[in-house]
Every structure is written in structure tokens, then in C-alpha cells.
Amino acid sequence: GNKGSYLVIDALYTLAFAYPRTGDPAKAERENKREAFFRDELAQLFALGKEEGFDIATLKGSYAGAMGWGQFMPSSYRLYAVDGDGDGRRDLFNSFDDVFASIANYFVKKGGWVRGGTVAVPATLDAGRTELNPTDWTPNLTLDVLAAQGYRPLTPVRAMGATATPVTLEGSDGKQYWLGFQNYYAITRYNLSKMYAMAVFQLSQAIA
């Protein structure tokens, strides 16, 4: 319903050459990296316009330059967008077939999505045990290691040698514990928020 109302070229130009500064020396390195990121995205936008025949002066997106229903940055558009409807164009602004195929391609290529793989299962944490709260959701702990830390899956995990990451969420009835697998990690490559990834998973289950 909201593909963005900012001119992409204006958003990227502003962030590329006038990235807002806090004046905090501790944040200066990150701010420099972000500005460099947006300079690269501005260049990617010009390349994308040439490849796809877009009038880049008219494209609209988010305040950060993300475009279309899938909110792809220009570099992601160039790398992961695909022609889902077979019309010879990669159109993430108007073609649902292109949008769905492109997001699926992003999940596979960027996140390592495994077809038919487990996304997440609810779990418990033994009383008195300390929560593990990772920040990047890489599924690098075996179920044996997680069990030693007090995590117990509430539903069977059938994949042999499966690795997961512990996820803690605040539910309406208190804390929820989950184990997120490779496909949960794949969703976080699209949006880093653990709440976003869980919402996508739970919505998919409700639709199914």
C-alpha cells in the first residue's frame, strides 16, 4: 500500500553527500560508512536506470532510497530482481509476479533459503538459565549446545545436524522463546529485525 513518496535520486543524493552527523566521535566511523554506502547506492541507481530503461529522476521510494513493493535498494534491485512474468523486464513497481519472484530470489541468493526447511519452532528455557541474545541471528548453535544452555524445542526438529539461533520475544503473556533455523536467518537478511522475521513467519503460517 505504500511504495514510498520520496524521489529516490534526491534521497540518495542527500544521504550520499550530506549524511546527518551527530557530532559524537564514537559514531563517526559508522556515519562515514553509511555515507559511503549511500554514495555507492547512488551510483547503482544510475546503472540500474541504464539497464532497465528507467527515468531515474521520477522514481519514488523510501526516505533511504528503497524502491517498489519489495523496497529494494538499487544494488539489491540489480543483483536480485528477476523477471517473474516473462515480459522481459524486472518491474518491482507494478508487477506482482516480478515482486514475489524477486523477493524469493533474494531469500535464496542473499540469505541461503532452503526449500521446505524449518523456519522457527517454539521453545522453553529451563528455570534459572541465562537467555542468549545474539544480534545477527546466524544459526550457528547445534541443538545439543542449545540444550546444554537450557533451550528445549517444543516441537520435533527432524533435520539431522540442524543448527539454530535462540530468539527471545516479548509476547502478550510474557516472554516467548524460539529457535530460529537457516530460513529464519534468511528472512533477517531482508530485514534485520527479529520481530519482523517472526511476523513474516507467523503470517505465512496463518495464510497456509
Side-chain angles (χ1 to χ4, degrees), residues 1-24 27-113 119 135-138 183-204 206-207:
N2 181 6
K3 290 180 282 187
S5 59
Y6 296 85
L7 287 172
V8 172
I9 194 168
D10 288 356
L12 292 177
Y13 179 87
T14 300
L15 293 168
F17 297 105
Y19 190 84
R21 303 287 173 159
T22 61
D24 183 347
K27 297 180 179 178
E29 182 178 358
R30 180 184 183 279
E31 291 166 352
N32 289 338
K33 288 181 178 179
R34 292 296 290 167
E35 190 172 76
F37 166 79
F38 286 111
R39 282 199 297 271
D40 179 70
E41 290 297 333
L42 181 61
Q44 297 278 357
L45 177 66
F46 280 94
L48 177 67
K50 184 177 181 180
E51 291 167 357
E52 301 295 330
F54 290 143
D55 179 358
I56 62 173
T58 64
L59 296 179
K60 290 186 177 181
S62 76
Y63 69 91
M67 298 177 291
W69 276 308
Q71 290 292 281
F72 277 30
M73 294 298 288
S75 60
S76 294
Y77 204 126
R78 295 185 68 206
L79 283 171
Y80 305 115
V82 294
D83 176 15
D85 57 17
D87 68 352
R89 301 179 67 240
R90 303 184 298 170
D91 182 2
L92 303 188
F93 296 92
N94 303 294
S95 170
F96 280 130
D97 289 335
D98 289 4
V99 170
F100 295 145
S102 296
I103 293 173
N105 189 51
Y106 187 104
F107 276 24
V108 172
K109 298 290 180 59
K110 178 82 170 179
W113 180 273
V119 176
T135 57
D136 69 353
W137 318 119
T138 302
N183 286 352
Y184 181 85
Y185 174 78
I187 302 172
T188 68
R189 297 309 89 192
Y190 187 81
N191 184 311
L192 189 58
S193 166
K194 64 180 180 180
M195 292 181 288
Y196 178 93
M198 188 59 67
V200 168
F201 168 58
Q202 292 182 334
L203 179 60
S204 75
I207 292 170

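- The heavy-atom pair separating Glu41 from Ser75 by the smallest distance is OE2-OG, 2.6 Å.
- By the 4.0 Å N-to-carboxylate-O rule, Glu52 lies close enough to Arg90 to be salt-bridged with it.
- If you take CG on Leu92 and OG on Ser76, they are separated by 10.0 Å, rounding to the nearest 0.5 Å.
- Of all non-hydrogen atoms in Ser102 and Ala81, the two that sit nearest each other are OG-CA, 3.3 Å.
- The closest donor-acceptor contact from the side chain of Asp83 to the backbone of Gly88 lies under 3.5 Å.
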Requested in this report: Begin from the C-alpha positions of Tyr106 and Tyr190 and carry the test ring-ring contact (aromatic ring centres under 6.0 Å, His included) through to its verdict.
Outcome: CA-CA 8 Å; Tyr106 187 104; Tyr190 187 81; 5.5 Å; yes

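- Considering all non-hydrogen atoms of both residues, Thr188 and Ala197 come closest at CG2-CB, 3.7 Å.
- Between the side chain of Glu31 and the main chain of Thr22, a donor-acceptor pair closer than 3.5 Å is present.
- One distance of note links OH of Tyr80 with CZ of Phe72; it measures 9.5 Å at 0.5 Å rounding.
- A distance-only check finds a donor-acceptor pair linking the side chain of Asp98 to the backbone of Asp85 [under 3.5 Å].
- Annotation: cation-pi geometry satisfied between Lys3 and Trp69 (NZ/CZ under 6.0 angstrom from ring centroid, within 45° of ring axis).
- Contact of the Tyr19 side chain with the Phe38 side chain is registered, since non-hydrogen atoms from C-beta on lie closer than 4.5 Å.
- Scanning both residues, Asn105 and Leu79, for their nearest heavy atoms gives ND2-O, 4.5 Å.
- The heavy-atom pair separating Val8 from Gly61 by the smallest distance is CG2-N, 3.5 Å.
- Panel note: side chain Tyr13, backbone Arg39; no donor-acceptor pair is recorded below 3.5 Å.
- For the atom pair Ile56 CD1 and Ile9 CD1, the distance stands at 4.0 Å (nearest 0.5 Å).
- Taking all atoms of both residues into account, the shortest heavy-atom contact from Gly65 to Ala11 is N-CB, 4.1 Å.
- Considering CZ of Arg78 and NZ of Lys50, their distance stands at 10.0 Å, rounded to 0.5 Å.
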**Report entry** Phe54 vs Tyr77, side-chain contact (heavy atoms from CB on, under 4.5 Å): CA-CA, chis, key distance, verdict
**Finding:** CA-CA 12 Å; Phe54 290 143; Tyr77 204 126; 3.3 Å; yes

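- At a threshold of 4.5 Å between non-hydrogen side-chain atoms, the residues Leu7 and Leu59 do not count as touching.
- Using a 4.0 Å cut-off between charged side-chain N and carboxylate O, Glu35 and Arg21 make a salt bridge.
- Distance check, rounded to the nearest 0.5 Å: OG1 of Thr135 to NZ of Lys194 gives 10.5 Å.
- Phe46 CZ to Leu12 CG: the interatomic distance, rounded to the nearest 0.5 Å, is 9.5 Å.
- Between the side chain of Ser62 and the backbone N or O of Gly4, no donor-acceptor pair lies under 3.5 Å.
- By the 6.0 Å contact criterion, CZ on Phe93 is enclosed, its count of non-hydrogen atoms from other residues, nucleotides or ligands being greater than 12.
- No donor-acceptor distance shorter than 3.5 angstrom exists from the side chain of Thr14 to the backbone of Ala18, with no hydrogens or angles considered.
- Between Leu45 and Met67, the closest side-chain pair of non-hydrogen atoms falls below 4.5 Å.
- Residues Asp136 and Thr138 have side chains that bring a donor and an acceptor to within less than 3.5 angstrom of each other.
- At least one side-chain heavy atom of Asn94 sits less than 4.5 Å from a side-chain heavy atom of Asp91.
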